[in-house]
Amino acid sequence: MQTNPGEYNGIFSGAITISQSEGVSSLLLGTQATIAGYLWYGISVYPSYTYFKNTIGSLLPSAFAVVHANDVALVAGAIASVIASFGLAPIEAARIRVVADPVVYKPLGLLGTLAVIADEDATIGWKNWFAGLPSLMTRQVIFGSVKFLVFERVSEAILLNWPMSRELGLGVSLVAGGISGALSSVVSQPADSVLTYVTKQSAGNLGVVEGARMMIKEDGFGSLFRGLGSRCVWAGCIIAGQFLLYDVFRGLFAISSDDLNQVFEVVLLPMR
């Protein structure tokens, strides 16, 4: 709906149209990049958020940290999203290429598509993978910050208003994760649309503001929210699953916040 605007009216009608005209396998375009992207995202952003939230909170006076809990969550989410963006940029560039032009890029796979992108401009080479980094980072920072904040506040609201929900355990994470994913999609959709547009241009020098200006000029302000419904459904399901799995694995391996702090300290100390 973003790469080929105007062809589909909605997520379900679009899925039916694609499966009828191009085959069911077309619904799985970009699967390699999608799996790799979410794997990296899950590994990087969730532990990073926990670490930076605890670190920032420990550096502030207790009373101040409590009053500004929302601000701490937003900042920690933003930092974690920046870290994740550097790994996501090449993967997202490859995914968008495969979805936009499957005939050319699907046979190449993830690594082959990355190689083609790097060879498109000899003057910048592999740096072309990061052509969409500014818009991707903008989207991820907005999405990640709001996602973590909404998740924590929704979880608190559920437990406060329905104390019996504590018995659901992971069910609270699932519900709060779904709501946070959907709401985060709404506020970050313009940046996501610009990212798709910038990556399709493949010039490597189109910025976020310029990309947004060109989209509005060509198709109007509504183009910034193209595909919002499908992204809300997709993100709601994915983020709910990610929060659920994160809690499951932390509980399974008995990993506490202090354990994550120690891991990050080992990684960061050599860099100081």
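In this text the structure is predicted, and so the values were computed from the model without any measurement. Values reported hereafter were calculated over all heavy atoms of this structure, with side chains retained and with hydrogens, waters and symmetry mates removed.
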Indicate yes or no: at least one non-hydrogen side-chain atom of Arg226 is less than 4.5 angstrom from one of Asp219. yes
How close do Val194 and Met215 get, heavy atom to heavy atom, and via which atoms? CA-SD, 3.7 Å
Least distance between heavy atoms, Leu114 atom then Pro90 atom: CD2-O, 3.2 Å
State, yes or no, whether a side-chain contact exists between Arg95 and Val99 at a heavy-atom distance under 4.5 Å. yes
Pairs in or reaching into residues 83-132: which pass ring-ring contact (aromatic ring centres under 6.0 Å, His included), with residues at least two apart or in two chains? none
With no hydrogens and no angle check, is any side-chain donor or acceptor of Ser48 less than 3.5 Å from a backbone partner on Ala80? no
Rounded at 0.5 Å granularity, tell me how far CD1 in Ile83 sits from CD in Gln140. 12.5 Å
Show every donor-acceptor pair shorter than 3.5 Å between a side-chain atom in residues 66-73 and any protein atom, with sequence neighbours excluded, or say none if there are none.
| residue | atom | partner | partner atom | Å |
| --- | --- | --- | --- | --- |
| His68 | ND1 | Asp71 | OD2 | 2.9 |
| Asn70 | OD1 | Arg153 | NH1 | 2.4 |

Nearest 0.5 Å, please: how far is CD1 in Ile35 from CG in Leu110? 10.5 Å
Quick one: side-chain hydrogen bond (donor to acceptor under 3.5 Å, both in side chains) partners of Thr123, sequence neighbours excluded? Asp121
Is a side-chain N or O of Asn128 found less than 3.5 angstrom from the main chain of Ile117, in a donor-acceptor match? yes
Can you list every pair that meets salt bridge (charged side-chain N to carboxylate O under 4.0 Å, His left out) and has a residue in residues 136-151, with sequence neighbours left out? Glu92-Arg139, Arg139-Asp192
Please give me the minimum heavy-atom distance between Ala84 and Val45, naming the atom from each residue. CB-CB, 4.2 Å
What closest approach, in Å, do Gly181 and Ala235 show between heavy atoms, and which atom pair accounts for it? O-CB, 3.7 Å
Ring pair (Phe, Tyr, Trp, His ring centres under 6.0 Å) against Phe143, all qualifying residues, sequence neighbours excluded: none
Once side-chain contact (heavy atoms from CB on, under 4.5 Å) is applied, do any residues pair with Val209, and if so which ones, sequence neighbours excluded? none
Residue pair Ile239 / Gly177: nearest heavy atoms and the distance that separates them: CG2-O, 3.5 Å
Between Ser230 (side chain only) and Gly227 (backbone N and O only), is there a donor and an acceptor less than 3.5 Å apart? yes
Test item: Val146 and Ser180 side chains (from C-beta on) under 4.5 Å apart, heavy atoms: no
Using the six-membered ring wherever Trp is involved, compare the ring planes of Phe225 and Phe221 and label them parallel, tilted or perpendicular (cut-offs 30° and 60°). tilted
d(Gln242 CD, Phe151 CZ) to nearest 0.5 Å is 11.5 Å
Besides Leu39, the hydrophobic cluster formed by Ile, Leu, Val, Met, Phe, Trp and Tyr side chains linked at under 4.5 Å, directly or via other members, contains Ile43
Leu136 and Ile91: same hydrophobic cluster, using ILVMFWY side-chain contacts below 4.5 Å? no
Checking Glu152 now: which residues fulfil side-chain hydrogen bond (donor to acceptor under 3.5 Å, both in side chains) with it, not counting sequence neighbours? Tyr49, Lys53
Taking side-chain hydrogen bond (donor to acceptor under 3.5 Å, both in side chains) as the definition, give me every residue that meets it alongside Ser188, ordered by chain and number, with sequence neighbours left out. Arg231
Tell me whether Leu88 is reachable from Val82 by hopping between hydrophobic residues (I, L, V, M, F, W, Y) whose side-chain heavy atoms are closer than 4.5 Å. no
Counting distance only, does the side-chain N/O of Asn161 pair as donor-acceptor with the main-chain N or O of Ala157 below 3.5 Å? yes
Looking at Tyr46 versus Phe148, is the centre-to-centre ring distance below 6.0 Å? yes
Could you work out, with side-chain contact (heavy atoms from CB on, under 4.5 Å) as the rule, every residue matching Ala240, not counting sequence neighbours? Leu174
How about Met137 and Ser81: do any of their side-chain heavy atoms sit closer than 4.5 Å? no
Could you report the tightest heavy-atom contact between Leu60 and Ala65, atom names first, then the distance? CB-CB, 4.2 Å
Leu149: hydrophobic cluster co-members (side-chain, 4.5 Å): Leu74
Is any side-chain heavy atom of Ile56 closer than 4.5 Å to one of Val75? yes
Hey, are Tyr246 and Thr50 close enough side-chain-wise for a donor-acceptor pair under 3.5 Å? yes
Run the side-chain contact (heavy atoms from CB on, under 4.5 Å) test against Ile179 and tell me which residues pass, sequence neighbours left out. Val150, Val154, Val175, Leu183
